[in-house]
Amino acid sequence: MYVSSNASLIELNTFRVEARARFLVTLETLEDISCFLTDVRFHDLPRLILGGGSNILLRDDFPGVVLLVALKGIELLGESETHRFLAVAAGENWHGLVRYTVEQGWAGLENLSLIPGSVGAAPVQNIGAYGEEFAEVCAAVDVIDMTTGETGIITAEDCRFAYRDSRFKQAPGRYLITSVLLRLPKRFVPKLDYPGVREALADAEITPRAVSDAICAVRSSKLPGLEADQPGSAGSFFQNPVIDADHAAKLRELHPNMPAWDMPDARVKLSAAWLIEQCGWKGRRVGDAGVYEKHALVLVNHGAATGAELWALADAIMQSVQARFGVSLQPEPVVLPLLSSPHSTGGTE
C-alpha cells in the first residue's frame, strides 16, 4: 500500500483540473485493501474511490483519502455453449480490455470501445454507447463492503442497473469493486444502427474488431482524445433527459425537427446535445472552461480551468435548457463535493 499526503490529483482525472487530496492511497493487491481498512489514520476520514478519473469533476480539494484502485488481471474462467466468462480486475483499463477481447475475435464489448476509465468504474456508471450497456454483459461484481470489510459477490440482477446508474452509484463509497465477471456471447450480433457506424465500416468484413475500429473512428471524430495536446474532458457531461409524453408532444409541436425516442414506459427520451446546441452553447468558451466545438454534450478544460469554473458553466447550461424547454438536465459525472441542488448526483469512479 503506497500512501502520499497532500497529493495532487491533476493527473488522475481526465478533466485535468488541479485538486489535492489529504491522502492518496494506491491499492495494488487485495492485501493492500485489508491494510487500509485496519490503518487507524484513515478511520474517520471521508473516502473517494477512484479508478481512471474519467467520470468525475472535482470542484475543490478532497479533505479525506482518495483510494486509487490499481488491481490488475484478466482471466478466462470458462465457457458454455453460448457464452465465455471473463474475470477482469477493477484496475484494468476499460478500452484496453475491449481491444483485448476483439483481438481474440470475441464479441460483446465492441460497441463500448474508446470509453475512458477503468473496468471497476464500468458497473458504477453502467457505461453505455452506440446501443450497448455494461449491464448486458455483466454476470456479477466482486466487492468489498467498506463499512464492514466483508467481501462479497453481487449478481447483475442485484446491481440495480439503470440508465447510467447502479446500486454502487446510489451508495457512494460503500463498495470497493475489486473485479467484474463478464458474460460474453459467442454469437456475434453486430449493432450498427447509430449514425456513422455503418458508414465507417464501408466495405470491411463485419467482425468484432472491425466494429470496434469503426466505433473508435466515430468517437474520435466527435470527442477530444486523452493526449496532452487535447483539452481535458469527461466525455459526455449530461445524460439524455427522459420526459413524460405530454411534455414531449408539446415540444414536438413547437420543434418538429427535435430528435426524440419513444421509450417502453410511454415516456420520451430527448437529445441533450440538441437541446444544448439550440440554446447556443456549442463551441462557447468562458475562460478556459468551454463546450467542445464538435459535440455540445462535452465540456472541456482548455488549459487552466478549475473544477468550480467548469461546474459554473455546466450550471449555466442546465439553467438555460430549463428556461427554454422546461427540461431538467442531469450531469453524468460525479461532481464533488456532492451537490445538494436538484441536480445532485452520487457515486464514485
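Scope of the values below: all heavy atoms of this structure, side chains included, with no hydrogens, waters or symmetry mates. Worth saying up front: this structure is predicted, and the values here are computed from it rather than measured.
- Remark: Asp265 CG is packed, more than 12 non-hydrogen atoms of other residues, nucleotides or ligands lying under 6.0 Å away.
- Using a 4.5 Å cut-off on side-chain heavy atoms (C-beta onward), Trp274 and Phe325 make contact.
- Here the side chains of Phe237 and Leu57 are in contact, with some heavy-atom distance below 4.5 Å.
- When side chains are defined from C-beta on, Tyr163 does not count as touching Asn126, because their heavy atoms never get closer than 4.5 Å.
- Between Ile153 and Val141 there is no side-chain heavy-atom pair separated by less than 4.5 Å.
- A salt bridge is absent between Arg59 and Asp315; no separation between the charged side-chain nitrogens and carboxylate oxygens falls under 4.0 Å.
- If you run side-chain contact (heavy atoms from CB on, under 4.5 Å) between Val180 and each of Val143, Val137, Val119, only Val119 comes through.
- When all heavy atoms of Pro231 and Arg16 are compared, the pair lying nearest together is C-NH2, 3.5 Å.
- None of Ile144, Val25, Val69 except one satisfies the side-chain contact (heavy atoms from CB on, under 4.5 Å) rule with Ile33; the exception is Ile144.
- Using a 4.5 Å heavy-atom threshold, the side chains of Leu50 and Leu12 count as touching.
- Taking the side chain as every heavy atom from C-beta outward, Phe168 and Cys159 approach each other to under 4.5 Å.
- In this structure, Arg285 and His302 have side chains that are in contact, with non-hydrogen atoms separated by less than 4.5 Å.
- In this structure, Lys222 is not positioned above the aromatic face of Tyr292 in the sense of NZ or CZ being under 6.0 Å from the six-membered ring centre and within 45° of the axis.
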- Are Tyr175 and Arg167 close enough, and set up right, to give a side chain to side chain donor-acceptor pair (under 3.5 Å), and what steps lead you there? CA-CA 9 Å; Tyr175 298 104; Arg167 72 182 294 169; 3.1 Å; yes

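- Between Lys191 and Glu132, at least one side-chain N (NZ, or NE/NH1/NH2) sits under 4.0 Å from a carboxylate O, which counts as a salt bridge.
- Salt bridge Lys186/Glu79: present, at least one basic N to carboxylate O contact under 4.0 Å.
- In this structure, Asp60 does not pair ionically with Arg20, as no charged nitrogen and carboxylate oxygen lie closer than 4.0 Å.
- Taking the side chain as every heavy atom from C-beta outward, Glu92 and Ser118 never approach each other to under 4.5 Å.
- Here the options are Val102, Val88, Leu112, the test is side-chain contact (heavy atoms from CB on, under 4.5 Å), and the partner is Leu97; only Val88 passes.
- Using a cut-off of 4.0 Å between Lys/Arg side-chain N and Asp/Glu carboxylate O, Asp145 and Arg174 are scored as salt-bridged.
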